[in-house]
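Heavy-atom basis, side chains included; hydrogens, waters and symmetry copies ignored. First the proteins, then the strands, lettered A, B, ... as listed; each starts at 1.
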Number of protein chains: 4
Amino acid sequence: MNSQSSLMFQIQPSSGTPIYRQIIDQVSRLVISGFLKPGDELPSVRQAAGELEVNPMTISKAYSMLEAGGVLERMRGKGMIVASGQDSSKDIRKRLEIIRPILEEAVTQAGQLALPKESIMELLSELLEEKNE
Amino acid sequence: MNSQSSLMFQIQPSSGTPIYRQIIDQVSRLVISGFLKPGDELPSVRQAAGELEVNPMTISKAYSMLEAGGVLERMRGKGMIVASGQDSSKDIRKRLEIIRPILEEAVTQAGQLALPKESIMELLSELLEEKNE
Amino acid sequence: MNSQSSLMFQIQPSSGTPIYRQIIDQVSRLVISGFLKPGDELPSVRQAAGELEVNPMTISKAYSMLEAGGVLERMRGKGMIVASGQDSSKDIRKRLEIIRPILEEAVTQAGQLALPKESIMELLSELLEEKNE
Amino acid sequence: MNSQSSLMFQIQPSSGTPIYRQIIDQVSRLVISGFLKPGDELPSVRQAAGELEVNPMTISKAYSMLEAGGVLERMRGKGMIVASGQDSSKDIRKRLEIIRPILEEAVTQAGQLALPKESIMELLSELLEEKNE
DNA sequence: GTGGTCTAGACCACC
DNA sequence: GTGGTCTAGACCACA
C-alpha cells in the first residue's frame, strides 16, 4: 500500500526551482505544520524516485540535505524518519517567522510600485479566500 | 558623479535571485510607478557597474533585456533612456498585478504551514507600517 | 532476566559507527581488560537484540566476526562464550596500543586546528577526571 | 600558477571516510585555524577535481555542503570564497570544543580497557611530540 | 570562465 | 530491503 507516499510529494518537473529543492521545502513544511511527526517514516529513495519518475540520486540528495539540516534522521538499513527533535511548533509565531521574508520582499516591491497599503491588504485577503475555496 | 544613479539601484549580491534579474525588476517597477519617466536617462553601463561592483556585462545584459521588453530605448551617444511609450500606469490594478505572484507564493507557503488568515494579514500590516516609518 | 547483559553493551543508534562495529569493539575491550574472562557467557543473540532494540542479524554478525577473530567461541546449545585463549593482558602497553589510533586521529585534528600541546593535555586530563567521578 | 591549490587539499582515496567528507573536514579546519580567511578564494571545482583526480561532482558536493554550513559563499560566475562570517576564532577554547568529542571517545575506550590515567597522558604526549618533529 | 542540476549505472555498507 | 558514494557525461544559468 503506497497511496500515502504518492500523496506525500508533488513536484513540478519544469518549474524553475530544482526538484531536490521542491522536495526539501515540502518535507520541511509538512514537518513544521505537523502533518509529519517525529518518527514517521518517509518513502524510500527508490520508491519516491519511481513514483516521481526522477533519478534516485535526486531524492537521495534531498534526503541528505534534510538530514544535515536536522529535519530527518537515518535509520540504518531501514530508511529515513522525521527527526525526534522536530516537534511541530504549535507556536504560530514561530511558523509566522518562516513566511516573514517573502512578505518583506512583497512589501519592498510594493513600495517601489508606490502601492497604497489598503490595496495590498485587499489583494492578499482575496488570495487567502481563494485558497480556502 | 550622478548621485541619483547610486540611489536608483540596490542589489543584494548574495541573494538567490540573479543580479541581472534584480536590476530588471527594479527598473521596471521604478518606471511603472512613475519614479522614472519617459526620456529619463539611466546610469551608463560603466557607471552602474562601478557603483554596484558588478561585471559590466551583467548591467549590459539587463539593459538589453529591458530594451527588448520595450521599457528602455537606446539613444546613440547618450546611453539608455526610458522608452517614450512607457507611461506610468496610474491604474493601481495594473500595478497590483505585478506583486500578485509573490503574494500568491506567500499564500501557498502559509497554507502549507497551516497559518490562519488573520495572523498573516496582521504580519503584512505590521511590515507595511514599518516601511512607512 | 540477565541483568548483567543489559549492562554489558551500550550502543548509540544514531552514531556514525555502525552498530555491529560498536558491539565488536566493546566486547573486545571488555575481554582484554579482564571484565570478561575466558568461559564467561555472552547474552544470547535474541536477548541482546531485544534489549538493544536491534535486528538480531546485527548481533549475530558481530558475534560471528568476534568468533572469526578468536575472541569468542560458539558452545553448542549454550551460545557464545569468551574463548579460552583470551587472557586479559595485564600488559598495559598492549592495551595502550588499542587506543593509539584514536589518539593519533585526535592529534591530527589538533594539528589542523593549530592547538597547543598544553591545551590538549589539559582537556584530556579534565575528561579523565570527570570519568572517575 | 596553481601550486597553492595543489597544497590546499590532500585526500586519501582508499580511506574509509568518503572523499567529499575529507574535503569538508579539511576546509573547515583550515578556516577555523585561520589558514583560510574570509574572502579567500578556493580552487575551482574543475581544477580541484583535475588535481585530485576525482569526479567534479564529488568536489561540488563538498562545496555545496560547506556552503549550506555557512563556511563558504558562492560568488556567482566567479567561484567559492570563505564566508564573511567565518572569522578564525582566535579563542583557543572554541577550537578545543571541536576536538572534545574525539577525546571523550578515547576516554570511554580507555575506561573499558581499564587503563590508568598516567599511561594515556603519556601516550598522548608522545604522539604530540612526534607530530612536531 | 564559474557552479548547479540531473541522468544512468555501478558498487558498497548496513540491517 | 535500506541509503551512500562515486563516475561519466550532458545541459543550463550566471558573470
Side-chain angles (χ1 to χ4, degrees), chain A residues 11 13-23 41-49 52-64 66-68 72-81, chain B residues 11 13 15-23 49 52-62, chain C residues 11 13 15-23 49 52-62, chain D residues 11 13-23 41-49 52-64 66-68 72-81:
Chain A
I11 60 164
S14 53
S15 153
T17 53
I19 297 172
Y20 82 94
R21 256 263 66 90
Q22 295 184 39
I23 295 172
E41 294 180 16
L42 276 87
S44 81
V45 167
R46 290 160 174 85
Q47 187 186 351
L52 299 178
E53 294 182 327
V54 297
N55 189 294
M57 264 209 71
T58 306
I59 308 289
S60 184
K61 185 178 180 179
Y63 279 7
S64 293
L66 282 163
E67 189 199 8
L72 300 184
E73 272 178 15
R74 220 169 59 217
M75 296 289 286
R76 271 173 305 199
K78 294 283 199 62
M80 309 293 292
I81 61 169
Chain B
I11 61 162
S15 151
T17 53
I19 296 172
Y20 83 94
R21 254 270 59 91
Q22 295 184 39
I23 295 172
L52 299 177
E53 293 181 333
V54 153
N55 192 315
M57 293 272 292
T58 308
I59 308 289
S60 185
K61 180 178 179 182
Chain C
I11 61 161
S15 152
T17 53
I19 296 172
Y20 82 94
R21 250 282 48 96
Q22 294 184 41
I23 295 172
L52 298 178
E53 293 181 333
V54 154
N55 191 316
M57 293 270 293
T58 307
I59 308 289
S60 185
K61 181 179 179 180
Chain D
I11 60 165
S14 52
S15 152
T17 54
I19 297 172
Y20 83 93
R21 256 263 66 89
Q22 294 184 41
I23 295 173
E41 295 179 15
L42 277 89
S44 81
V45 168
R46 290 159 173 86
Q47 186 185 351
L52 298 178
E53 295 181 327
V54 297
N55 189 295
M57 264 210 71
T58 306
I59 309 289
S60 185
K61 183 178 181 179
Y63 279 6
S64 293
L66 283 163
E67 190 200 7
L72 300 184
E73 273 177 16
R74 219 169 60 217
M75 297 288 286
R76 270 174 306 204
K78 295 283 200 61
M80 307 293 292
I81 61 170

Please give, in whole Å, the distance from [N] [atom2] to [X] [atom1]?
X        : N       : atom1 : atom2 : result
Leu52(D) : dT7(F)  : CG    : P     : 10 Å
Ile19(A) : dC12(F) : CD1   : P     : 15 Å
Met80(D) : dC14(F) : CE    : P     : 17 Å
Ile59(A) : dT2(F)  : CD1   : C1'   : 15 Å
Glu67(D) : dG4(E)  : CD    : P     : 6 Å
Asn55(D) : dA8(F)  : CG    : C1'   : 7 Å
Gln22(A) : dT5(E)  : CD    : P     : 12 Å
Ile23(A) : dG3(F)  : CD1   : P     : 13 Å

* **Minimum side-chain heavy-atom gap Tyr63(A)-Pro43(A) below 4.5 Å** =>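 Sidechains of Pro43(A) and Tyr63(A): in contact.
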
* **Student check: side-chain heavy atoms of Thr58(D) and Leu52(D) closer than 4.5 Å** => no

* **Residue whose closest nucleotide on DNA chain E lies nearer the 5' end, Thr17(A) versus Lys78(A)** =>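 Taking each residue's closest nucleotide, the earlier one in sequence belongs to Thr17(A).
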
* Asked: Which sits closer to the 5' end of DNA chain E, Thr58(C) or Arg21(A), going by the nucleotide each is nearest to?
  ->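 Between the two, 5'-proximity favours Arg21(A).
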
[N] phosphate, OP1 or OP2, under 4.0 Å from [X] side-chain N/O:
X        : N       : value
Arg76(A) : dA13(E) : no
Arg74(D) : dT2(E)  : no
Ser60(A) : dG3(F)  : no
Ser64(A) : dG4(F)  : yes
Tyr20(B) : dA15(F) : no

* Structure fact -> Looking only at heavy atoms, the pair that brings Ile11(C) and Gln22(C) closest together is CA-OE1, 3.3 Å

* Asked: Considering all heavy atoms of both residues, which atom of Arg76(D) and which atom of Ile19(B) are nearest to each other, and what is their separation?
  ->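 Scanning both residues completely, I find the closest heavy atoms to be NH2-CG1, 3.7 Å.
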
* Output yes when a side-chain donor or acceptor of Arg74(D) lies under 3.5 Å from a complementary backbone atom of Ser64(D), and no otherwise. => no

* Kindly say whether, by distance alone, the side chain of Arg46(A) makes a donor-acceptor pair under 3.5 Å with the base of dG3(F)? => yes

* Asked: Given that both distances must come in under 3.5 Å, which nucleotide forms a Watson-Crick or G-U wobble pair with dG1(E)?
  ->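 The base-pairing partner of dG1(E), which may sit in any strand shown, is dC14(F).
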
* To do: Check every strand shown and say whether Val54(B) touches a base, only sugar-phosphate, or nothing at a heavy-atom separation below 4.0 Å.
  =>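 It contacts nothing in the nucleic acid.
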
* Just call it for Lys61(B): base, sugar-phosphate, or nothing, with non-hydrogen atoms closer than 4.0 Å on any strand. =>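 Counting heavy atoms under 4.0 Å across all strands, no contact is made by Lys61(B).
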
* **5' priority, DNA chain F, between Met57(A) and Met75(D) [closest heavy atom]** =>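 Residue closer to the 5' terminus by nearest nucleotide: Met57(A).
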
